2 protein chains.
Amino acid sequence: MNPSHIVRRKREGEELSATDIRAFLQGYVSGAVEEYQMSAFLMAVFFRGLSAAELAAMVDVMIASGLVADLSAVPGVKVDKHSTGGVGDKVSIVLAPLVASLGVPVPMMSGRGLGHTGGTVDKLESIPGFRTNLSLSEYSAQMAELGCALIAQTEEIVPLDRRLYALRDVTATVESIPLIASSIMSKKIAEGIDALVLDVKLGSGAFMPEPERAAELARTMIGIGAASGKRVVALLTAMDRPLGHAVGNALEIEECVLLLRGEGPADVREVTLALAAEMLVLGGAADDSAAASTLAAAALDDGRALNMMRAIIEAQGGNAMVLDDPAILPQAEARRVLDARRSGTVTRMDVRAIGEAGVDLGAGRRTMDAAVDAAVGFHITVKPGDRIEKGQPIATVHARDGISAEAAGLRVLDAIIIGDGPADPLPLIVQRIDEAALTA
Amino acid sequence: MNPSHIVRRKREGEELSATDIRAFLQGYVSGAVEEYQMSAFLMAVFFRGLSAAELAAMVDVMIASGLVADLSAVPGVKVDKHSTGGVGDKVSIVLAPLVASLGVPVPMMSGRGLGHTGGTVDKLESIPGFRTNLSLSEYSAQMAELGCALIAQTEEIVPLDRRLYALRDVTATVESIPLIASSIMSKKIAEGIDALVLDVKLGSGAFMPEPERAAELARTMIGIGAASGKRVVALLTAMDRPLGHAVGNALEIEECVLLLRGEGPADVREVTLALAAEMLVLGGAADDSAAASTLAAAALDDGRALNMMRAIIEAQGGNAMVLDDPAILPQAEARRVLDARRSGTVTRMDVRAIGEAGVDLGAGRRTMDAAVDAAVGFHITVKPGDRIEKGQPIATVHARDGISAEAAGLRVLDAIIIGDGPADPLPLIVQRIDEAALTA
């Protein structure tokens, strides 16, 4: 294997054999392929893409670079959900106990927030005592006992992905659909899934705002799943608004408690139920999406999902009292209510700007090793299309102090565009894509 | 300056500012830009190209990475020639003394052979005692005294090019027109030229066989020259045959001696005169190409060029007796005459295969630090279009021993395709390109 010959062939748009892909990636693991050769390869992939067969070979090597969870002691079809990330996207924290409460095991490893979007692990860690850093064996044991675990990606899973991501981050090769897809799918397969539901976000707060590219990402991940015998279904959903009202770690946990009690904002409940329905069908707990959705709504409304969450929090060392009294969550010192500057209609929301304002408050991080402030964030009660009167309270800032609350408040008001024209919000569920798209 | 942002913008096809290009390349020199970031940048350049302004900034930084020859003591317009490389291309060794003998200074730094093509420095070093490794000050002094020097690129000139080339070589980013053009032009400008004639080879023995890409390379180099106030003219010439009869270092010097005496094969004399005419016009020694060509032919025929070569060899420590008795050059032990396998017409020559056979004989090298055997090579007397009788001698192999002569002979015979159909050889001079092409 001559590394530069492999790079050249990819550069020329040739499809590499599985043997070539394996040799190149294994060479990178062993040190025979240098960082500068890998970065040239990644840039060539950015321009030339990877075929389904190339991706399958790449994902195999990535998975084999670390440990794979053994969930053979967990009966049933294990189904996880992955979101491409958004602002106020706390769905996982409601969805996982909800689906598990209906008998479908949910092995959920999540990431931390980076950039303008939040991360499930950061949110969970605002629950006092909650441990997200279970070892792979603790995780497998909890899956066998409860049918659900909510943990951070362990170092043992796909170490090659961490190395590749670090290189992509400094060589402008992050935004490549096959590289994104292989990164996500290798970790999901290694965590022990049988099936996966993807929540691909669209709109101003999404990493990939254009629908065509979002759909291509979904198809690419469905294809990788198919090559490994894992069923994957994708929903393209709206991120032209924050999901729900709460943005910020403890504030979002508080909203999750409402949702688990059958309350909470309608949009996040609707998206959660749509994703739950897909997971329940994949997991064999319902025959069709309508029946599954009814089942899931009932489990939110009658406390089964809440009880499962209580068991999960207790199993992972957290204070489950949070489900009864969210006031035990970290609270911000300064609060500032934001009033609408004018009357009109919310025509548009710059969701990325809201996310960035949250990062600057301390709710998120710009570099992987930064700490977050669990207490800070926003509560934004308006949505695109809402009719607003001047002076009406539309949001609250939760901050460490008055100065940062003031600065963040101005940015949130700027990001909620009130005008006279009509709004054109996305439907909450824009599109559904499944394996049929591979042969279409 | 954030290196990955610069890579990203190039990846997206943006034109970078001169400030960005300078910061990125200077960062690479200083260590602030990593090898893996540069290789990703180079791959992005492969796909996106570089504008004239980007190239001008890049060439500036490359030149500034080392010393620049001070030829201010040399009167006149200093004109060099650069060839993209071919098989049997010994033109420089005749052209430089020829043009210098007519009063136009020729500051010539050349490379060693790599891959299937030979290198002027390797050929010169087959002359006993000839030193090609003059220091920059020795070179400047000889230029002032003789108006000509034939040396190897010194380490002092454009060290950044050597580092970039080494990286490109292992990351499949060699074959990029802007990168090739900036590499050549930075070295030529640093060696002290005022003007340059390019000999861009076309056909089966050329690095870039397609006429469109060869013309693009010529235009790119003319553009870099224009940005630095250096006039550049390009001739696209035939490399669908070896140039002349001799292929191999000492054999080519022997052929150069014939040419300097007004003898030698017609094709290499014709290409030499065409390039000389361009250099003489650029250097102000003739008003037009026809007058310049007549001047040059006379200087070959009446011994002026030969006398200049004698002075150069003596100045550089070589044994100038070689001009009187080429038999003092290294001689190969084994010779094998090759007879045509059939009657017919030479329809085509696989010049790259002939070059590769020469490398395997020992006349060239595959890696930069390999040694060459000065004595070995070929003498091939037929050209595309020639009518051949079966059994007619068409070439001689000069080798270390009978076994390697036998193997090389078979490859040379395979590479001279004799058929019944008509031949369609390139004209020796295919096209002329000058600054007018930049505004066309």
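On a predicted model such as this, the values are computed, not experimentally measured, just so you know. Heavy atoms only: backbone and side chains are in, while hydrogens, waters and symmetry mates are out.
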Report task. Mind running salt bridge (Lys or Arg N to Asp or Glu O under 4.0 Å) on A/E175 and A/R168 for me, showing each step along the way? Result -> CA-CA 9 Å; A/E175 299 87 347; A/R168 286 165 58 203; over 6 Å; no
**Report entry** Six-ring centre of A/F47, A/R11 cation under 6.0 angstrom, axis tolerance 45°
**Finding:**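 Here A/R11 fails the 6.0 Å and 45° test against A/F47.
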Query raised in the report: Yes or no on side chain to side chain contact (heavy atoms under 4.5 Å, CB included) for B/R411 and B/E356, after CA distance, side-chain angles and deciding distance?
Result: CA-CA 9 Å; B/R411 291 169 68 185; B/E356 297 286 358; 3.7 Å; yes
Query raised in the report: How about B/K201 and B/S83: does a side-chain donor come under 3.5 Å of a side-chain acceptor?
Result: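 The answer is no; no qualifying pair exists.
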Query raised in the report: With only heavy atoms counted, which part of B/E34 is less than 4.5 Å from chain A, the side chain, the backbone, both or neither?
Result: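 Neither part; nothing is under 4.5 Å.
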Query - Toward chain A, the part of B/R9 with a non-hydrogen atom under 4.5 Å - result: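 Neither part.
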Query - Partner chain B: residue of A/T171, A/I6, A/D169 with the largest heavy-atom pair count (under 4.5 Å) - result: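 With the most close heavy-atom pairs to chain B, the winner is A/T171.
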Query raised in the report: Picking from A/L167, A/V7, A/V170, A/L42, which has the most non-hydrogen pairs under 4.5 angstrom with chain B?
Result: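 The candidate making the most pairs under 4.5 Å is A/V170.
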Query raised in the report: Using a cut-off of under 4.5 Å for heavy-atom pairs, which of B/P3, B/S39, B/A44 has the most such pairs with chain A?
Result: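 Heavy-atom pair counts peak at B/S39.
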Query - Aromatic ring pairing B/F41/B/F24, orientation class (parallel under 30°, perpendicular over 60°, tilted between) - result: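 Plane angle between 30° and 60°, so tilted.
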